[in-house]
Amino acid sequence: MSADKQNKDKKELDKKTMLRTPKGMHDILPVDWLWWDRVQDVSRRLTDFYGFSRIETPILEFAELFQENLGESTDVVQKEMYTFATKGGEVLALRPEGTAPVVRAYLQHSLSKTAALQKMYYQSRMFRHENPQAGRYRQFSQIGLEIVGGTSDPLYDAQIMLIFDRLLKELKIKGVQLKINSMGCRICRPIYKRQLQSYYKDHLKELCEDCVRRFETNPLRLLDCKQATCAPLKVDAPNFFDKLCSPCSAHLKMVLEYLEELSIPYALDNQLVRGFDYYSRTVFEFFAETPGHKFGALPAGGRYDYLIESFGGRPTPAVGGAVGIERLIDVMKAQEMQLPNRASCKVFVVHVGEQAKKRSLGILEELRTAGITARDALSRESLKAQMRTADREGAILAVILGQREIFEKSIIIRDLGNGLQETVPLDRMIEEVKKRLKNSHE
Ligand code: HAM
């Protein structure tokens with residue numbers, strides 16, 4: 001092949017690549033925002049109601065922050081971080097999760113001095129170099145909640161689950177299941193780990209490669225393996241519930257009592273293990289039924305009473321959780337949920353003729369100032385095309401302005417539901433529009 005042809009082919013290829021997002025990353029197009037706004041609006045209302053304040057940390061952090069605090073043997077640290085050296089020689093990472101950065105910010109800004117208990121939430125982008133599939137992306141957004149400080153009161157564990165339960169309910173997600181486990185504490189967990197190791201010691205040959213590694217580094221994660229060779233071994237593995245020390249057992253019992261009090265159904269799952277090592281005591285994951293699809297956990301999280309200490313801070317209890325927004329939307333769509341079209345367009349401004357077109361700009365402003373959502377199709381001249389757009393936008397009324405109306409200082413108000421219309425004086429337009437909109441709601 002000639003050098004010219006090779007260069008041309010390469011250019012073609014470069015052009016094609018340039019027109020694609022990187023694998024596992026997506027544009028959020030105007031049509032998608034209907035879903036995003038819905039999820040973000042509901043979560044914002046809930047976090048406000050329960051007294052959470054927003055926090056936003058940088059997308060980039062020192063890679064060490066995650067390497068030291070998420071668990072050396074975790075998949076995220078081992079395989080999924082986007083890490084790079086800057087021109088200045090710093091090693092940074094695109095944040096793969098939000099808890100470690102929030103704790104870093106809590107300590108960096110001495111937030112404990114402003115209030116002993118901090119309730120924080122974030123809606124932030126995360127990055128994990130995972131194998132993309134339904135509900136699993138390389139760039140995704142999480143809604144996260146973190147309660148840091150105060151006491152290790154099980155009430156806070158329940159409150160985090162309560163808010164996520166309400167989020168799923170308000171989003172009308174069906175078939176929700178909440179799974180709960182306890183990771184114990186510094187006293188009972190090492191004992192349980194040893195028991196797990198002694199059970200799995202006799203099955204080392206049957207374990208997958210990852211689990212052989214986990215056997216040494218973090219035997220609890222053996223319970224989380226989905227490989228066909230490892231999964232059956234879980235059945236006879238020792239049960240953590242029998243080994244919890246009495247304070248951990250009492251803590252779990254109180255969490256469950258609060259959930260019962262709040263009428264939140266749950267299932268205890270002694271094999272639920274989370275992907276990060278910072279958890280102690282409560283861990284939880286919400287799932288939703290989506291026949292034919294497998295999306296993984298929706299909100300998920302737990303208590304992390306030792307994390308602040310491991311950053312060098314004072315022992316500080318903390319609990320939290322996060323949910324992937326894309327995954328929530330995938331589930332809503334898989335459950336064939338319909339979102340109402342942006343009902344926000346109440347009035348459509350229609351013009352006939354050049355002069356009316358000019359005057360329409362002022363009419364739109366009058367409507368906007370009066371707090372009435374209105375749209376137009378000023379680029380379209382034909383009345384028919386404008387009326388079709390009004391229909392598509394779901395407008396309730398059309399206000400129509402032509403030569404005659406300009407001359408008479410009037411405007412036509414047309415009810416797009418029943419087709420009835422009336423000409424009213426222009427200076428009474430707002431009043432008349434409001435009256436009709438009010439009637440259309442009754
Ligand atoms: P996580 O389980 O890694 O926990 O992520 C929480 C949620 O984020 C998942 O249940 C899922 O809904 C969503 N998610 C995770 N990875 C992806 C992905 N690749 N694509 C789409 N969605 C994804 C954490 O990140 C902890 N920081 C949660 C936490 C907060 N624990 C205590 N506080």
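Positions are given from 1, in the same order as the sequence printed here.
A distance of 4.5 Å separates CG in Leu262 from CD1 in Ile264, rounded to the nearest 0.5 Å. The distance from the CG atom of Leu168 to the NZ atom of Lys174 is 13.0 Å, given to the nearest 0.5 Å. Considering CD1 of Ile325 and CH2 of Trp36, their distance stands at 5.0 Å, rounded to 0.5 Å. Separating the CG atom in Leu60 from the CD atom in Glu90 is a distance of 10.0 Å, to the nearest 0.5 Å. Between the CD1 atom of Ile329 and the CE atom of Met337 there is a distance of 11.0 Å, given to the nearest 0.5 Å. Atom SG in Cys208 sits 6.0 Å away from atom CZ in Arg214 (nearest 0.5 Å).
With respect to the salt-bridge test (charged N to carboxylate O, under 4.0 angstrom), the residues Glu56 and Arg95 qualify. The pair Asp391-Arg388 fails the salt-bridge criterion, with no side-chain N (NZ, NE, NH1 or NH2) lying under 4.0 Å from an Asp/Glu carboxylate O. Under a 4.0 Å N-O distance rule, the pair Arg38/Glu170 does not qualify as a salt bridge. Between Glu431 and Lys434 there is no salt bridge, since none of the side-chain N atoms of the basic residue sits less than 4.0 Å from a carboxylate O of the acidic one. Ion pair Arg45/Asp41 not flagged as a salt bridge, since none of the NZ, NE, NH1 or NH2 atoms sits closer than 4.0 Å to an Asp/Glu carboxylate oxygen. Under the 4.0 Å criterion applied to side-chain N and carboxylate O atoms, Asp210 and Arg213 are assigned as salt-bridge partners. Between Arg274 and Glu285 there is a salt bridge, since a side-chain N of the basic residue sits under 4.0 Å from a carboxylate O of the acidic one. Under a 4.0 Å N-O distance rule, the pair Asp236/Lys234 does not qualify as a salt bridge. For the pair Glu130 and Arg138, the salt-bridge criterion is not met [side-chain N within less than 4.0 Å of a carboxylate O].
In this model, no donor atom of one side chain and acceptor atom of the other lie less than 3.5 Å apart for Ser73 and Asn218. Using a 3.5 Å distance cut-off with no hydrogens or angles, the side chains of Glu260 and Tyr266 do pair a donor with an acceptor. Under 3.5 Å, the side chains of Tyr106 and Glu146 contain no donor-acceptor pair of N or O atoms. Asn181 and Asn270 share no side-chain donor-acceptor pair at under 3.5 Å.
No side-chain donor-acceptor contact under 3.5 Å links Glu289 to the backbone of Val176. Side-chain atoms of Thr290 come within 3.5 Å of backbone atoms of His293 as a donor-acceptor pair (strictly under, hydrogens ignored). The closest donor-acceptor contact from the side chain of Thr21 to the backbone of Met25 lies under 3.5 Å. In this structure, Asp330 contributes its side chain and Gly135 its backbone to a donor-acceptor pair below 3.5 Å. Arg303 contributes no side-chain N or O that, together with a main-chain N or O of Pro317, makes up a donor-acceptor pair within less than 3.5 Å. Between the side chain of His251 and the main chain of Ser152, a donor-acceptor pair closer than 3.5 Å is present. Side chain of Glu97 to main chain of Thr99: a donor-acceptor pair is present (N/O by atom type, distance under 3.5 Å, no hydrogens or angles). Ser249 contributes no side-chain N or O that, together with a main-chain N or O of Cys245, makes up a donor-acceptor pair within less than 3.5 Å.
Under the 4.5 Å side-chain criterion, counting only non-hydrogen atoms from C-beta, Val148 is not in contact with Leu111. Within the 4.5 Å cutoff, the side chain of Ser53 has no heavy atoms near those of the Lys119 side chain. With a 4.5 Å cut-off on side-chain heavy atoms, Leu178 and Pro265 do not count as touching. Residues His26 and Tyr137 meet the side-chain proximity criterion, which asks for heavy atoms closer than 4.5 Å. In this structure the side chain of Arg189 reaches within 4.5 angstrom of the side chain of Met183, judged on heavy atoms. With a 4.5 Å cut-off on side-chain heavy atoms, Thr373 and Val347 do not count as touching. Side-chain contact between Phe127 and Pro96: absent, with no pair of heavy atoms (C-beta onward) separated by less than 4.5 Å. Side-chain contact between Leu196 and Leu223: present, with at least one pair of heavy atoms (C-beta onward) separated by less than 4.5 Å.
Tyr192 and Phe240 have their aromatic ring centers within a separation under 6.0 angstrom. Less than 6.0 angstrom separates the ring centroid of Tyr304 from the ring centroid of Tyr278.
The environment of CD in Gln78 is crowded: more than 12 heavy-atom neighbours from other residues, nucleotides or ligands sit within 6.0 Å. Residue Lys169 qualifies as enclosed at atom NZ: its count of foreign heavy atoms under 6.0 Å is above 12. At most 12 heavy atoms of other shown residues, nucleotides or ligands fall within 6.0 angstrom of atom CZ in Phe62.
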- Which is it for Gln40 and Arg44 under the side chain to side chain donor-acceptor pair (under 3.5 Å) test, yes or no, and what are the steps along the way? CA-CA 6 Å; Gln40 293 184 337; Arg44 186 80 56 92; 5.6 Å; no
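Annotation for Val350 and Ala398: closest pair CG2-CB, 4.3 Å, computed over non-hydrogen atoms.
Cation-pi geometry between Lys179 and Phe287 is met: the NZ or CZ atom falls under 6.0 Å from the ring centre, inside 45° of the normal.
Ring geometry, Phe284 versus Phe286: the interplanar angle exceeds 60°, so the pair is classed perpendicular (tilted spans 30 to 60°).
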